[in-house]
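The structure presented is a predicted model; accordingly, all values stated were derived computationally and were not measured. Heavy-atom basis, side chains included; hydrogens, waters and symmetry copies ignored.
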Amino acid sequence: MRKQRMTGLMACLGLLVAVATGCGTGAGGGPAVKPGQQATIKVGTIPIADVAPLYLGIKKGFFKQVKLNVQPQLAQGGAAIVPAVLSGSDQIGFSNTTSLIIAASKGLPVQMISQGVLGAASRGKAWDS
């Protein structure tokens with residue numbers, strides 16, 4: 001049962017093509033959380049089906065089980081989410097490759113941590129294969 005919960009949590013987190021900067025350093029990463037306390041993160045997102053797993057994970061309690069309070073922050077798109085993460089307003093965000101490449105080309109500290117979508121019956125049938 002615990003393995004199922006962790007698999008569900010990882011599936012929800014795995015939906016994000018994210019940018020992250022200075023996590024936990026006080027440079028936009030938010031305050032440090034003591035062990036055993038619930039951490040809160042703001043996730044920049046857009047209202048499309050690709051981010052449905054994030055909301056499902058919240059509804060099913062996957063994040064709360066690991067003491068994580070996820071607060072979705074709606075934005076117009078990846079081009080708006082990248083600056084929100086860089087400023088520390090959001091700690092993580094759903095973006096797009098183009099916005100991240102542009103940010104990186106300007107020397108901004110962005111990092112992809114996962115693919116955004118794997119919507120297919122198998123890896124070989126996924127649009128990005």
Would you check if [X] and [Y] make a side-chain contact, meaning some heavy-atom pair closer than 4.5 Å?
X   : Y   : answer
Y55 : T45 : yes
I58 : F63 : yes
V70 : T40 : no
I41 : L68 : yes

How long is the straight-line distance from [atom2] of [Y] back to [atom1] of [X], given to the nearest 0.5 Å?
X   : Y   : atom1 : atom2 : result
F62 : L56 : CZ    : CG    : 6.0 Å
D90 : K42 : CG    : NZ    : 7.5 Å
I81 : I92 : CD1   : CD1   : 11.0 Å

* Does A84 offer a backbone N or O that forms a donor-acceptor pair with the side chain of S87 under 3.5 Å? ->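 Side chain of S87 to backbone of A84, a donor-acceptor pair under 3.5 Å: yes, one is there.
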* Asked: Short question: side chain of Q73, backbone of Q71 - any donor-acceptor pair under 3.5 Å?
  ->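 Yes, the answer is positive, given that a donor and an acceptor are paired below the 3.5 Å cut-off.
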* In one Ile/Leu/Val/Met/Phe/Trp/Tyr side-chain cluster, 4.5 Å: M112, I102 ->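 M112 and I102: separate clusters.
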* **Hydrophobic cluster identity match, I101 and V110, side-chain contacts under 4.5 Å** => no
Exercise: identify the closest heavy-atom pair between [X] and [Y]:
X   : Y   : result
A79 : S99 : N-OG, 3.3 Å
Q37 : K67 : O-CB, 3.9 Å
A75 : I46 : O-CG2, 3.4 Å

* So F94 and L54, side-chain contact (heavy atoms from CB on, under 4.5 Å) or not? Walk me through it. -> CA-CA 10 Å; F94 183 91; L54 176 70; over 6 Å; no
